[in-house]
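In what follows, a structure is listed as structure tokens, so that the remarks can point back to it.
Numbered from 1 within each chain, the chains take letters A, B, ... in sequence-line order.
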Protein chains: 2
Amino acid sequence: MPKMNNKNKIFIDKLRSSGLRPTNQRVEISKFLFNRKKTFHFTVEELKNSMNLKRPKKISTATFYNTVHALKSAGHLKEFSLENNTSCYDTNITSHHHFFDNGRVIDIKSDKITFQKLPEAPKGKKIKNVEVVIRLENNN
Amino acid sequence: MPKMNNKNKIFIDKLRSSGLRPTNQRVEISKFLFNRKKTFHFTVEELKNSMNLKRPKKISTATFYNTVHALKSAGHLKEFSLENNTSCYDTNITSHHHFFDNGRVIDIKSDKITFQKLPEAPKGKKIKNVEVVIRLENNN
DNA sequence: TAACTACTTTATAATTATTCTAAAGTATGT
DNA sequence: ACATACTTTAGAATAATTATAAAGTAGTTA
Ligand SMILES: [Mn+2]
Ligand SMILES: [Mn+2]
Ligand SMILES: [Zn+2]
Ligand SMILES: [Zn+2]
């Protein structure tokens, strides 16, 4: 068996809990996504391009989509739509908000926005979550 | 010249101010969009299907896209992304918020949501707008 | 280890929303 | 009517995503 790299345990666990065997490709993707200090916002295309750029043997598009979807379904990633109608994934799975600054997405911690007034959910419904997008433009 | 139908003036004006000549197809689209009391949220596909359903001579896809884009660029429609990454257009061009209830989009008037706290824009930037999405789910 | 099985990866095809192209149609000004 | 410019349309092209199916790999068993 391949030697169990203990320092990868956390990345492997995210795969396992997503129902995925920790293959080489998947572990590399998981490390690339989660082995960082700051939130990572990415489209699958961006992820694929940046990971494949440096490697001789490319990981296929399908593997990127499959892995990201599984991680998302298991709750290890959040998904939202960018203004050009592509999916953006977010390694910050806590409830939070975003600045949209042209193409760039920036996290806003949940406690930076509080409400004075919020509407009631329509009859028979309840609120699942509340997400705020603050669109930015340049000064002057 | 075709007799100037005065009751269509408002719909024709929206086209003219979007840089479009008021052709038959465009006037019909403009009327379909704006001749209603309540906000209309739609995708181009939905618009095309519902308008073409009843008519013997179909309006082409390109005409729907072109007309909607021109109206949007002129500020007569707003655009946002649905969760399945398709463009949703909104006849309510005032600043407002939305409930997302499964596939359905419902307006929330701007004054129904007020903030206690909002973050500052990053250096060199200012806030263009703030939009809230409240996602709903069924009770129990 | 060999064989068996199940899961993975990949290239490629298919799909969907959208945009582009270019030809044929229509309106407008003279 | 003629010339010109704008429109409509069918169909091709694109881009993001999903599906397919063959070849590869890993885990298990004998
Ligand atoms: Mn998806
Ligand atoms: Mn568009
Ligand atoms: Zn985020
Ligand atoms: Zn609306």
Handout entry: Between D:dA16 (P) and A:Phe42 (CZ): distance, integer Å
Key = 15 Å
Completion exercise
When rounded to whole Å, the NZ to P distance for the pair A:Lys48 and D:dA15 reads 12 Å
Exercise for the section: Could you tell me the separation between the CG atom of B:Asn24 and the P atom of D:dT9, rounded to a whole number of Å? Expected result: 10 Å
Handout entry: Presence of B:Asn85 side-chain N/O under 4.0 Å of D:dA16 phosphate oxygens OP1/OP2
Key = no
Problem - Pairwise side-chain contact, A:His98 with A:Ile134, heavy-atom cut-off 4.5 Å (strictly under) - result: no
Exercise for the section: Please name all residues satisfying salt bridge (Lys or Arg N to Asp or Glu O under 4.0 Å) with A:Arg36, sequence neighbours left out, ordered by chain then number. Expected result: none
Handout entry: Under-4.0 Å side-chain N/O to phosphate OP1/OP2 contact, B:Ser87 with C:dT18
Key = yes
Problem - By side chain to side chain contact (heavy atoms under 4.5 Å, CB included) - contacts of A:Glu45 (at least two apart) - result: A:Thr43, A:Lys48, A:Asn49, A:Tyr65
Handout entry: Distance in angstrom units between A:Glu83 CD and D:dA16 P, rounded
Key = 16 Å
Exercise for the section: Report yes if the side chains of A:Asp90 and A:Leu77 come closer than 4.5 Å at any heavy-atom pair, otherwise no. Expected result: no
When you compare the protein's N or O atoms with those of nucleotides 3-7 of chain D, which come within less than 3.5 Å of each other, and at what distance?
from	atom 1	to	atom 2	distance (Å)
D:dC6	O4'	B:Arg21	NH2	3.2
D:dT7	OP1	B:Arg21	N	3.0
D:dT7	OP1	B:Arg26	NH1	2.9
D:dT7	O5'	B:Arg26	NH1	3.1

Completion exercise
note: A:Glu45, atom CD; D:dA15, atom C1'; distance rounded to Å ~ 8 Å
Practice task
Output every pair passing ring pair (Phe, Tyr, Trp, His ring centres under 6.0 Å) with a member in residues 107-132 of chain B, not counting sequence neighbours, ordered by first then second residue.
Solution key: A:Phe115-B:Phe115
Problem - Side chain to side chain, A:Asn66 and A:Arg26, heavy atoms closer than 4.5 Å - result: no
Exercise for the section: Establish, with yes or no, whether the OP1 or OP2 oxygen of D:dT18 is under 4.0 angstrom from a side-chain nitrogen or oxygen of A:His69. Expected result: yes
Completion exercise
Numerically ordered, the residues 52-68 of chain A set in heavy-atom contact under 4.0 Å with DNA chain C is A:Lys57, A:Lys58, A:Ile59, A:Ser60, A:Ala62, A:Thr63
Fill in the blank from the handout: B:Lys72 atom NZ is separated from C:dT19 atom P, nearest whole Å, by 10 Å
Exercise for the section: Take the protein atom CG of A:Leu82 and the nucleotide atom C1' of D:dA15, then report the distance between them rounded to whole Å. Expected result: 14 Å
Handout entry: For A:Asp101, salt bridge (Lys or Arg N to Asp or Glu O under 4.0 Å) partners two or more places apart
Key = B:Lys125
Practice task
Take the protein atom CE of A:Met51 and the nucleotide atom P of C:dT10, then report the distance between them rounded to whole Å.
Solution key: 11 Å
Practice task
For the pair B:Thr67 (side chain) and B:Thr63 (backbone), establish whether a donor and an acceptor sit closer than 3.5 Å, ignoring hydrogens and angles.
Solution key: yes
Exercise for the section: Using a 4.5 Å cut-off on heavy atoms from C-beta on, say whether the side chain of B:Phe64 contacts that of B:Asn52. Expected result: yes
